[in-house]
A.B. asks: 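Here it is, the structure in full.
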Amino acid sequence: MSDLGTAMRRVRFIVSDVDGVLTDGTMGFDAEGRPFRHFNVRDGLGLALWYLAGGRAALVSGQGSPAVEALAKQWRCTDCLVHVRDKAAACRDLAGQYGVALEEMAFIGDDLIDIGAIRAVGLGVAVADAAGPVKDAAAHSTAAAGGA
């Protein structure tokens, strides 16, 4: 079995960035200046199937908004951490809190702030349209771009 296959089989906890991974990276603003994002319901179905298989998941965002927190609640994420600058530390904290080894975690990211977390866990994943250095740091890149 390949190293990638081994890493995939070990994953028990998925941690995902939000903007650029669960969205296409664009952000709109309403008339009052509040940001809004569009999320793909297929990601929610994927998480529902992941939970049925016994997995856990968390959202970790460098930004934050009520929309991100509502999404995490709707998708039954174990945790939703917002305004996080050190995502590797967030992964270490989640691993300790839930008794999961970092090697049993996957992190999905797209931007430079995600590289530390991608390198810290057992399976680092970049979306197809991630920044070049993020793709270089990841063990796997998805076929689909963020938000797709």
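These numbers come from a predicted model, not from an experiment.
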A.B. asks: Rounded at 0.5 Å granularity, tell me how far CG in L71 sits from CG in L22.
C.D. replies: 6.5 Å

A.B. asks: Distance-only, no hydrogens or angles: does the T78 side chain make a donor-acceptor pair with backbone N or O of A57 under 3.5 Å?
C.D. replies: yes

A.B. asks: Supply the atom-to-atom distance Q63 CD to I113 CD1, rounded to the nearest 0.5 angstrom.
C.D. replies: 9.0 Å

A.B. asks: Any chance you could lay out the side-chain contact (heavy atoms from CB on, under 4.5 Å) test for D79 and L94, step after step, and finish with the verdict?
C.D. replies: CA-CA 8 Å; D79 282 277; L94 288 166; 3.5 Å; yes

A.B. asks: Does one hydrophobic cluster hold both V125 and M105, with members joined at side-chain heavy-atom distances below 4.5 Å?
C.D. replies: no

A.B. asks: Any chain of hydrophobic side-chain contacts (each under 4.5 Å) joining L112 to V21?
C.D. replies: no

A.B. asks: If Ile, Leu, Val, Met, Phe, Trp and Tyr residues are connected whenever their side-chain heavy atoms lie under 4.5 Å apart, and connections chain through other members, are V121 and I108 in the same group?
C.D. replies: no

A.B. asks: Rounded at 0.5 Å granularity, tell me how far CG in L123 sits from CD in E103.
C.D. replies: 12.0 Å

A.B. asks: If you look at every heavy atom in G109 and A130, which pair is closest and at what distance?
C.D. replies: O-CB, 4.2 Å

A.B. asks: For a side-chain contact (heavy atoms from CB on, under 4.5 Å) check, start with the C-alpha distance between L102 and R92, then their side-chain angles and the critical distance, and finish with the verdict.
C.D. replies: CA-CA 7 Å; L102 284 171; R92 288 190 295 273; 3.8 Å; yes

A.B. asks: Please determine whether residues W50 and F107 belong to a single hydrophobic cluster, defined as Ile, Leu, Val, Met, Phe, Trp and Tyr linked transitively by side-chain heavy-atom distances below 4.5 Å.
C.D. replies: no

A.B. asks: Heavy-atom distance under 4.5 Å between the side chains of R76 and L47, does that happen here?
C.D. replies: no

A.B. asks: Hey, can you tell me if F39 and W75 have their rings parallel, tilted or perpendicular (30° and 60° cut-offs)?
C.D. replies: perpendicular

A.B. asks: Please report the closest heavy-atom contact between V84 and A90, naming both atoms and the distance.
C.D. replies: CG1-CB, 4.0 Å

A.B. asks: Within the side chain of Y51, is there an N or O that forms a donor-acceptor pair under 3.5 Å with the backbone of R56?
C.D. replies: no

A.B. asks: Of the non-hydrogen atoms in A128 and A145, which two are nearest, and what is the gap between them?
C.D. replies: CB-N, 3.8 Å

A.B. asks: Would a 4.5 Å heavy-atom cut-off, applied to side chains only, mark D114 and D110 as touching?
C.D. replies: yes

A.B. asks: Shortest non-hydrogen contact from G146 to D129?
C.D. replies: N-OD1, 2.9 Å

A.B. asks: With a 4.5 Å heavy-atom cut-off, do S16 and V60 have their side chains touching?
C.D. replies: no

A.B. asks: Looking at every heavy atom in both A138 and A126, which two are closest together, and how far apart are they?
C.D. replies: CB-N, 3.7 Å

A.B. asks: When you look at CD of Q74, are more than 12 heavy atoms from neighbouring residues, nucleotides or ligands closer to it than 6.0 Å?
C.D. replies: no

A.B. asks: Go through the steps to decide whether E104 and V11 satisfy the test side-chain contact (heavy atoms from CB on, under 4.5 Å), and finish with yes or no.
C.D. replies: CA-CA 4 Å; E104 297 174 313; V11 174; over 6 Å; no

A.B. asks: Is a side-chain donor or acceptor of D24 paired with a backbone partner of A148 at a separation under 3.5 angstrom?
C.D. replies: no

A.B. asks: Given the rule in the side-chain contact (heavy atoms from CB on, under 4.5 Å) test, do L81 and S61 qualify, once you have shown the distances and angles that lead to the verdict?
C.D. replies: CA-CA 6 Å; L81 307 175; S61 177; over 6 Å; no

A.B. asks: Among the clusters formed by ILVMFWY side chains lying less than 4.5 Å apart, do I14 and M8 turn up in the same one?
C.D. replies: yes

A.B. asks: Taking R85 for its side chain and G62 for its backbone only, find out whether a donor-acceptor pair lies under 3.5 Å.
C.D. replies: yes

A.B. asks: Can you tell me how far the CG atom of L59 sits from the SG atom of C77, to the nearest 0.5 Å?
C.D. replies: 4.0 Å

A.B. asks: Is there a donor-acceptor pair closer than 3.5 Å between any side-chain N or O of K135 and the backbone N or O of S141?
C.D. replies: no

A.B. asks: Quick one: pull up NE2 in H38 and OG1 in T23 and give me the separation to the nearest 0.5 Å.
C.D. replies: 10.0 Å

A.B. asks: Mind checking the CZ-CZ spacing from F36 to F29? Nearest 0.5 Å is all I need.
C.D. replies: 9.0 Å

